[in-house]
**Student:** 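Take a look at the following structure, please.
Numbers here are sequence positions counted from 1.
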Amino acid sequence: MFAGPGATSAAIPSRLAGRFHKAAAVCLLAALVGASPSHGQSRRANTPGCDLRSAGESAVAAVIGPQTLRLADGRTIRLAEIIAIPALPQHAGDPGLDAVSFLRSTLGKKVEVKIGGAERDRYGITTAHLLVVDDPTLWLQEGLVSAGLALAAPQPDNRACFEALRAAETAAKSAGRGNWGTAVFKVLPASDPRLIANLVQTYQIVEGEAKAIARSGARVTLTFGEDAGFGFRVYAEGGAAKRLSGDGAALAGKTVRIRGWVERKAGPSITVVLPEQLEVVSGAEGTKHP
């Protein structure tokens, strides 16, 4: 039987009083849990808008480099989908331009490890996204990119969050935040191959008008200059080449933005294997080059 509103335990037989109070406590706890967000729900705002799976929680024990941390559980984490550079000599001592200083602010904090693709790289290091558990707005990758301390960089086995990170990069660039306010980060003009050639073995964003498109087997080549011997080129392979197989010819005369590692093959070039590395932009969206 149940007591009506306003009834007290005095109206309940003594042998049932303890049972009644226990049941009431359980009901109250259930009501409180139902009225407040669950532990998982409280972190929902902390999850990037991309498809990631949880790989547990730990605390940040050490910062090894501009995008590498060690957790208290022994795991070494390399932050996926970004390229962060170490502090440069000309900016030494400026924490606003230092990714390591940014990451050191998380020392001792609990983080959730999120996986968006392959969990380990060829060296056995965990490649993941890190979200600070007690701060629902701090996703480390987005924090670094938004501060202008890292570039969005899709990887063959990790590119689930690239669109979100590219949006953060665009906002940081427009606001001139961090390294976007210096010469460290800039969109390079494809029309200046000598400038690009000076940056071989670095990750860069290059933009320019595609002058010609050519296919040779499974590779598609985009040419960006009149200099046949030294002009900047993009070599598209894999998924990037497949994307161009349908609309590659339509790129001629369009402004194209490419991101990747600069190589030297006769002239400077970037090899792209992912569709995300190549973006067609309109004149209004393109970067104005001097």
Side-chain angles (χ1 to χ4, degrees), residues 46 48 50 57-114 116 121 123 125-155 158-159 161-162 164-188 195-196 198-206 259-262 287:
N46 198 17
C50 40
E57 295 179 353
S58 187
V60 177
V63 176
I64 301 173
Q67 65 186 88
T68 308
L69 307 93
R70 183 173 294 117
L71 302 186
D73 61 12
R75 282 183 288 181
T76 296
I77 305 290
R78 183 169 177 81
L79 298 177
E81 299 194 61
I82 63 169
I83 295 290
I85 63 171
L88 301 179
Q90 63 267 36
H91 301 305
D94 186 348
L97 298 173
D98 187 353
V100 171
S101 294
F102 179 97
L103 293 178
R104 281 178 180 154
S105 68
T106 67
L107 284 170
K109 293 185 178 180
K110 183 181 287 188
V111 291
E112 183 176 11
V113 181
K114 291 274 196 173
D121 64 16
Y123 304 107
I125 295 174
T126 300
T127 305
H129 293 265
L130 288 183
L131 294 87
V132 177
V133 170
D134 296 330
D135 185 346
T137 66
L138 186 50
W139 165 28
L140 292 193
Q141 274 90 332
E142 185 182 49
L144 285 166
V145 173
S146 293
L149 303 178
L151 299 174
Q155 301 156 344
N158 273 287
R159 58 185 199 267
C161 296
F162 173 67
L165 291 173
R166 181 168 63 183
E169 177 189 275
T170 299
K173 174 178 171 293
S174 297
R177 291 196 289 266
N179 287 312
W180 286 110
T182 73
V184 176
F185 285 176
K186 65 181 296 184
V187 178
L188 304 176
L195 171 62
I196 301 170
N198 288 332
L199 296 167
V200 167
Q201 297 184 344
T202 65
Y203 194 92
Q204 299 293 335
I205 301 174
V206 181
R259 65 184 65 224
W261 295 94
V262 177
T287 299

**Student:** Please name the pair of heavy atoms, one in V184 and one in L88, separated by the smallest distance, quoted to 0.1 Å.
**Tutor:** CG2-CD1, 3.5 Å
**Student:** Should L188 and L195 be marked as a side-chain contact (heavy atoms from CB on, under 4.5 Å) after you check the CA-CA gap, both sets of side-chain angles, and the distance that decides it?
**Tutor:** CA-CA 8 Å; L188 304 176; L195 171 62; 4.1 Å; yes
**Student:** For Q155, what residues pass the side-chain hydrogen bond (donor to acceptor under 3.5 Å, both in side chains) criterion, not counting sequence neighbours?
**Tutor:** none
**Student:** For the side chain of S146 and the backbone of G143, is there at least one donor-acceptor N/O pair under 3.5 Å apart?
**Tutor:** no
**Student:** Compare all side-chain heavy atoms of N179 with those of I85 and state whether any distance is below 4.5 angstrom.
**Tutor:** yes
**Student:** Hey, are the side chains of T76 and Y123 touching, using non-hydrogen atoms and a 4.5 Å cut-off?
**Tutor:** no
**Student:** Side-chain atoms of residues 61-72: list all donor-acceptor pairs with protein atoms under 3.5 Å, sequence neighbours left out, distances to 0.1 Å.
**Tutor:**
| residue | atom | partner | partner atom | Å |
| --- | --- | --- | --- | --- |
| Q67 | OE1 | A84 | N | 2.9 |
| Q67 | NE2 | L79 | O | 3.1 |
| Q67 | NE2 | I82 | O | 3.0 |

**Student:** Distance check, rounded to the nearest 0.5 Å: I205 atom CD1 versus K173 atom NZ?
**Tutor:** 8.5 Å
**Student:** Run the side-chain hydrogen bond (donor to acceptor under 3.5 Å, both in side chains) test against T202 and tell me which residues pass, sequence neighbours left out.
**Tutor:** Q204
**Student:** Ring-plane angle category for W261 and Y203, please: parallel below 30°, perpendicular beyond 60°, tilted otherwise.
**Tutor:** perpendicular
**Student:** Any salt bridge (charged side-chain N to carboxylate O under 4.0 Å, His left out) involving residues 87-108? Give me the pairs, sequence neighbours left out, ordered by first then second residue.
**Tutor:** none
**Student:** With sequence neighbours excluded, what pairs up with V200 under the side-chain contact (heavy atoms from CB on, under 4.5 Å) test?
**Tutor:** V262, R264
**Student:** Between R259 and E169, does any NZ, NE, NH1 or NH2 come within less than 4.0 Å of an OD or OE carboxylate oxygen?
**Tutor:** yes
**Student:** Working to the nearest 0.5 angstrom, can you tell me the gap between T106 OG1 and L131 CG?
**Tutor:** 12.0 Å
**Student:** Determine which pairs satisfy ring-ring contact (aromatic ring centres under 6.0 Å, His included) with at least one residue from residues 164-185, sequence neighbours left out, and list them in order.
**Tutor:** W180-F185
**Student:** In Å, rounded to the nearest 0.5 Å, how long is the span from CG of D121 to OG1 of T127?
**Tutor:** 4.5 Å
**Student:** Might you work through the side-chain contact (heavy atoms from CB on, under 4.5 Å) test for V133 and K109, ending with a clear yes or no?
**Tutor:** CA-CA 8 Å; V133 170; K109 293 185 178 180; over 6 Å; no
**Student:** For the residue pair V206 and V187, establish whether any side-chain heavy-atom pair is separated by less than 4.5 Å.
**Tutor:** no
**Student:** Going by ring-ring contact (aromatic ring centres under 6.0 Å, His included), name the residues that satisfy it together with F102, two or more places apart in sequence or in a different chain.
**Tutor:** none
**Student:** First locate atom SG of C50, then atom CD of E142, and finally report the distance between them rounded to the nearest 0.5 Å.
**Tutor:** 9.0 Å
**Student:** Minimum heavy-atom separation for I125 and I77, please, with both atom names.
**Tutor:** CG2-C, 4.4 Å
**Student:** Restricting to pairs with a member in residues 74-83, which pass salt bridge (charged side-chain N to carboxylate O under 4.0 Å, His left out), not counting sequence neighbours?
**Tutor:** D73-R75
**Student:** Do any N or O atoms from the side chain of Q141 and from the backbone of A152 form a donor-acceptor pair under 3.5 angstrom?
**Tutor:** no
**Student:** Please report the closest heavy-atom contact between A172 and G148, naming both atoms and the distance.
**Tutor:** CB-N, 4.2 Å
**Student:** With heavy-atom distances below 4.5 Å as the criterion, would you say the side chains of H129 and L140 are in contact?
**Tutor:** no
**Student:** So V60 and L103, side-chain contact (heavy atoms from CB on, under 4.5 Å) or not? Walk me through it.
**Tutor:** CA-CA 9 Å; V60 177; L103 293 178; over 6 Å; no
